[in-house]
Amino acid sequence: NPKQKNLAFALMFIDKVLESDKEVDFETRLELENSVRGLNDKDILLQWQKFTSAKNEIDAQGEVKNLLRLVIQKAQAN
């Protein structure tokens with residue numbers, strides 16, 4: 001179910017990235033990347049790539065907002 005997958009990814013991202021008090025490790029990045037790819041949504045994957053390739057923290061913060069907004073909007077649409 002795409003809606004459930006999108007919401008599961010959003011919750012995982014919040015738990016493992018936004019609420020983490022330490023740098024995201026390789027294993028977590030890989031888990032998140034695999035989860036994004038598992039959504040089978042090219043728009044979300046493109047936004048994920050914008051987030052992961054952000055040049056600095058300010059850009060990353062903007063891209064993460066865009067990513068979560070897109071994931072949730074797509075979950076609402078399904």
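Note on L68 and L32: same hydrophobic cluster, where clusters join Ile, Leu, Val, Met, Phe, Trp and Tyr whose side-chain heavy atoms are under 4.5 Å apart, directly or indirectly. Under a hydrophobic-cluster definition in which Ile, Leu, Val, Met, Phe, Trp and Tyr are linked whenever side-chain heavy atoms come within less than 4.5 Å, directly or via other members, V36 and L30 are assigned to different clusters. I14 and F9 end up in the same hydrophobic cluster when Ile, Leu, Val, Met, Phe, Trp and Tyr side chains are linked at under 4.5 Å. Under a hydrophobic clustering in which Ile, Leu, Val, Met, Phe, Trp and Tyr are joined whenever their side-chain heavy atoms come within less than 4.5 Å, directly or via other members, L70 and V17 fall into the same cluster.
For the pair E63 (side chain) and T52 (backbone), a donor-acceptor distance under 3.5 Å is absent.
Of all non-hydrogen atoms in F51 and A60, the two that sit nearest each other are CD1-O, 3.6 Å.
Annotation: the span from L18 atom CG to K16 atom NZ amounts to 13.5 Å, rounded to 0.5 Å. Considering CG of L7 and CE of M12, their distance stands at 12.0 Å, rounded to 0.5 Å. The CG atom of D43 lies 10.5 Å from the CD atom of Q73; values are rounded to the nearest 0.5 Å. With values rounded to the nearest 0.5 angstrom, L39 atom CG is found 11.0 Å from N34 atom CG. Atoms CG and OG1, from D15 and T28 in turn, are 11.0 Å apart once rounded to the nearest 0.5 Å.
For the side-chain hydrogen bond (donor to acceptor under 3.5 Å, both in side chains) test with D41, the passing option among K74, K5, Q47 is K74; the others fail.
Side-chain atoms of F13 and V64, non-hydrogen and from C-beta on, do get closer than 4.5 Å to each other. Taking 4.5 Å as the limit, every side-chain heavy atom of Q76 sits out of range of all side-chain heavy atoms of K3. Two residues are said to be in side-chain contact when any heavy atoms from C-beta on lie closer than 4.5 Å; N6 and I72 fail this criterion.
The residues R37 and E33 are annotated as salt-bridged, a charged nitrogen and a carboxylate oxygen being separated by less than 4.0 angstrom.
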